[in-house]
Structures are given as C-alpha cells and as structure tokens.
Amino acid sequence: MKVIVDKDACVGSGQCVLAAEDVFDQDDDGIAVLLQENPSEERAEDVRQAAAVCPALAIRIEG
C-alpha cells in the first residue's frame with residue numbers, strides 16, 4: 001500500500017489524523033502531513049477509513 005496526500009487539496013479538517021494518527025499528522029496550518037508513505041497491512045483499514053472520510057478527497061491509496 002502506498003499513500004499519497006495532495007496538500008493543495010487538503011482543507012485541514014484533521015479527519016485523517018483521527019483515523020490513523022501514526023500515519024498522518026498536521027502542520028501548523030492544519031494541512032495533512034504524511035508520516036508513513038507505506039504503512040503496514042495492520043494499518044490498512046484505518047488508512048482506507050482516513051481516505052474515505054477526507055472531505056477534500058486529498059488522500060489517494062495505491063496498491
């Protein structure tokens with residue numbers, strides 16, 4: 001699994017951090033910061049949830 005965050009699309013809602021705090025964080029402006037580009041399979045469901053709840057659809061998952 002590869003995770004991609006479109007920082008230009010991010011609206012800083014923080015939903016990704018709530019879903020997978022060890023994979024996502026936010027910078028001082030609230031924009032998503034990707035902590036793990038290739039999270040483990042154990043985190044896959046939480047990362048998919050983060051992508052699903054992102055109001056800006058700024059998270060893309062490959063693989």
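These numbers come from the heavy atoms of this one structure, side chains and all, not from hydrogens, waters or symmetry mates.
- Between Leu35 atom CG and Cys16 atom SG the span is 9.5 Å, to the nearest 0.5 Å.
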Apply side chain to side chain contact (heavy atoms under 4.5 Å, CB included) to Leu34 and Phe24, showing your working.
CA-CA 5 Å; Leu34 186 59; Phe24 302 96; 3.8 Å; yes

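- For the residue pair Gln26 and Ser13, the shortest heavy atom distance occurs at NE2-C, 4.3 Å.
- Ile59 contributes atom CD1, which lies 10.5 Å from atom CG of Asp6 (distance to the nearest 0.5 angstrom).
- For the atom pair Arg48 CZ and Met1 CE, the distance stands at 4.0 Å (nearest 0.5 Å).
- Distance check, rounded to the nearest 0.5 Å: CD of Glu21 to CZ of Arg43 gives 8.0 Å.
- Glu42 and Ser40 share a donor-acceptor pair across their side chains, judged by distance under 3.5 Å alone.
- Here the side chain of Asp29 pairs no donor or acceptor atom with the backbone of Ile31 at under 3.5 angstrom.
- The two residues Pro39 and Val47 come nearest to each other via the heavy atoms CG-CG2, 3.9 Å.
- Taken from SG in Cys10 to CD in Gln15, the straight-line distance is 11.0 Å, to the nearest 0.5 Å.
- Within a 6.0 Å sphere centred on CD of Gln36, other residues, nucleotides and ligands contribute more than 12 heavy atoms.
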Run the side chain to side chain contact (heavy atoms under 4.5 Å, CB included) check on Val3 and Asn38 step by step: do they pass?
CA-CA 6 Å; Val3 182; Asn38 300 100; over 6 Å; no

